[in-house]
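Per chain, numbering begins at 1; letters A, B, ... match sequence-line order.
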Amino acid sequence: MAMDTTKLLPPLDSASGVNWLEVTWMAFDSLMANKVRSALTMLGVIIGVASVVALIAIGTGASESITGQITSIGTNLMMVMPGSSSNRAPGMSTSARTLTLDDAKAIEALNLPIVGVGPQFGMTAQIVAPAADKNVTITGAAVAAQTIQNLTVANGRFFNEDEVKSASAVIVLGSTVAKDLFGKGQVIGQSVRIRDQTFRVIGVLESKGGAGSVDDTAIVPITIAHQRFPNARTPDGNAYVVSSIALAVKNKEDVDAVQSRIGILLRERHRLKANGSEDDFNIMNQASMLSMLTTITTLLTALLAAIAGISLLVGGIGIMNIMLVSVTERTREIGLRKAVGAQSRDILLQFIFEAIALSLSGGVIGLALGSIVALLVTLSGLLSASVSLGAAALAMGFSVAVGVFFGIYPARRASRLNPIDALRYE
Amino acid sequence: MDTAIIAINELSKTYQMGTVKVDALKQVSFAILRGEFVAIMGPSGSGKSTLMNLLGCLDTPTSGQYQLDGVETARLSDNELAQVRARKLGFIFQQYNLLPRQSALRNVEMPLIYRGVSAQERRQRAETALQIVGMDERTHHRPNELSGGQQQRVAIARALVGSPAVMLADEPTGALDTTTSAEIMGFLQTLNREQGLTVIVVTHERDIAAYAQRILTMRDGRLVKDERN
Ligand SMILES: Nc1ncnc2c1ncn2[C@@H]1O[C@H](COP(=O)(O)OP(=O)(O)O)[C@@H](O)[C@H]1O
Ligand SMILES: [Mg+2]
């Protein structure tokens, strides 16, 4: 190990600043030097990004599934609901009993360009079969409901006008309900009980898919529903109430005209003054339902993502904490780098890049994890959740932003260290 | 070459500690020629390190002038001082100050990163520097795999790698035994003689100072003696 002073280093002129690639390399180098600590520091960002990504995917999937269901009901569907739109959340059921069977008949008498008028009166009750029972929404409906709502009978038949007139105790089951009550066994012809009334199963509907769809309901003639279910009459006792009136417009172009005509009719029938008094009913068409639901699901998704975003913030604070510790531990290193010619800017960059490397690595792992969660949800068949490119880009952008935001304070501290003090630091 | 590489004139440094003022350096003037080997001696607290920090552009004087290689440095900004350090100065410390997790080679390369030197050229220069100090068989060792003397040699290679005009060493043998100290001082002497490098060493030991051609003695912040060896 002798010296070799015959070797000469040529003079070196270049004195330009550091290369960005070099700083990136240095940042990863120092993170790799402390693997466990780096991994633990990343954990906050990993969890944050994973939950943001998964929740956005699931939220979007849920919203798409709901939209799909509404579209599957039929494009020209319209619903008249009791109660004014101002004193309740849109789309929610109401206890208002302002809409009657006679209103439905009056609408029918208008001879509008519609497929049919389908008054409905429903409740949630337990259906008891010999082997099982289940709580479901039971809808009393008219025969027209089948055409209006595009219901296809997979097995057996739908009830007919005679059975509605005579208030026959017959029932048509949604596919999920049928499966839950009877399994793979014979369904048609079986008896079920609802509130001590025996119903004969005459049909099973074809599955439309999705949670909360017609698959989870049972349908009986509206007449027997009015006779057997509670709260079937208006407060004065003179008329049967309905929980909604469904109708399907023949041509899309007529939707607005039909809607306003029905509005005028119902205001007349309900003796609402032309000035001032509010509608005591609410007409929704599919377009308005869609936009309303989209608003709700978008809001919900954003809310969930924001909550998940908080954990990203906590992850950022974790990074700042570790970076501050790291700056203190490496005071001598910083002093040395400055002594050999590093400018404050170089040190600043180095530490910011370390913070970004931490948060971005966490972000990439989080994105992968969130995508796996979304994939598992999709595979479970609940709904199809997929991570969009936009969501992935957003997650990466957020990670970098977290690194810069929480890295800047420790990095500034490092860059402002005085080289003499830093070199002397024990 | 009889030109002054370092010329200081009435250089003073006062530290303010709360209400107390410490005059660590009091109007010191001298010049050091290109290619000289100078030792700065003096008891503890006499201002040697303060002087070295000023010469090393790590600190700015309270008053006075300092010309390094023809450039007046007393009024330079922090960034300009960093550039001066990168181009003109090489530092050796008592505690070696190597980066613990990096190989000898990476340690020696490090200063060149801040001068924007390409990875390939950095590597070549670092290898040459390690050859000069006789550490070319230990390029991939980490500092904790090297003895104190070896670490100091790597540190010398790091100081050499950017072809500095002046090598500054504050108590470079303070942490080494006598034999290794002699070896390190021998290295610096050879570098000075064969490559014409200007070397300034701070020490409080006579036998270390004996390697230099010229000895400056400090006391209470003043230069009290300037002798040829
Ligand atoms: N950063 C500082 N702040 C205050 N006083 C200092 C500082 N650095 C050095 N001193 C004082 O300046 C004087 C000279 O110190 P120094 O240059 O370190 O001496 P030496 O290296 O010769 O032992 C001492 O009295 C010391 O206490
Ligand atoms: Mg000292």
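- In this structure, G341(A) and Y114(B) approach most closely via the heavy-atom pair O-CB, 4.0 Å.
- By a heavy-atom distance cut of under 4.5 Å, R332(A), E333(A), L336(A), R337(A) are the residues of residues 324-337 of chain A near chain B, going up by number.
- Here the side chains of D29(A) and R106(B) are in contact, with some heavy-atom distance below 4.5 Å.
- Using a 4.5 Å cut-off between heavy atoms, E194(B) contacts chain A through its side chain alone, with no backbone atom that close.
- The candidate with the highest count of non-hydrogen atom pairs below 4.5 Å against chain A, out of T128(B), N79(B), L112(B), is N79(B).
- Between chain B and the options L21(A), I420(A), N19(A), N418(A), heavy-atom pairs under 4.5 Å are most frequent for I420(A).
- Here the closest non-hydrogen pair linking A339(A) and F91(B) is O-CE1, 3.3 Å.
- Checking side-chain atoms of S163(B) against main-chain N and O of P10(A) turns up a donor-acceptor pair under 3.5 Å.
- Of the two parts of R193(B), neither the backbone nor the side chain holds a non-hydrogen atom closer than 4.5 Å to a non-hydrogen atom of chain A.
- Within 6.0 Å of CD in Q120(B) there are 12 or fewer heavy atoms belonging to other residues, nucleotides or ligands.
- No more than 12 heavy atoms of other residues, nucleotides or ligands sit less than 6.0 Å from atom CG of L389(A).
- Within residues 32-51 of chain A, the residues having any heavy atom less than 4.5 Å from a heavy atom of chain B are, in residue-number order, A33(A), N34(A).
- Around the CZ atom of F398(A), the shell of radius 6.0 Å holds no more than 12 heavy atoms that belong to other residues, nucleotides or ligands.
- If you measure heavy-atom distances from Q102(B) to chain A, the contacts under 4.5 Å come from the side chain alone.
- Under the 3.5 Å distance criterion, the side-chain polar atoms of R125(B) are left unmatched by any main-chain donor or acceptor of L9(A).
- To the nearest 0.5 Å, atoms NZ (K338(A)) and CG (L81(B)) are separated by 11.0 Å.
- For a residue to count as touching a neighbouring chain, one of its non-hydrogen atoms must lie under 4.5 Å from one of that chain's; by this rule D78(B) does not touch chain A.
- Looking at L160(B), both its backbone and its side chain come within 4.5 Å of chain A, counting heavy atoms on both sides.
- Annotation: side chain of V340(A) is in contact with side chain of M110(B) (closest heavy-atom distance under 4.5 Å).
- Within the model, atoms OG of S49(B) and CZ of R424(A) stand 8.0 Å from one another, a figure rounded to the nearest 0.5 Å.
- A342(A) and A82(B) get closest at one heavy-atom pair: O-CB, 3.8 Å.
- For the atom pair CG of L58(B) and CG of L423(A), the computed distance is 7.0 Å after rounding to the nearest 0.5 Å.
- With a 4.5 angstrom heavy-atom cutoff, Q124(B) does not touch chain A via any of its atoms.
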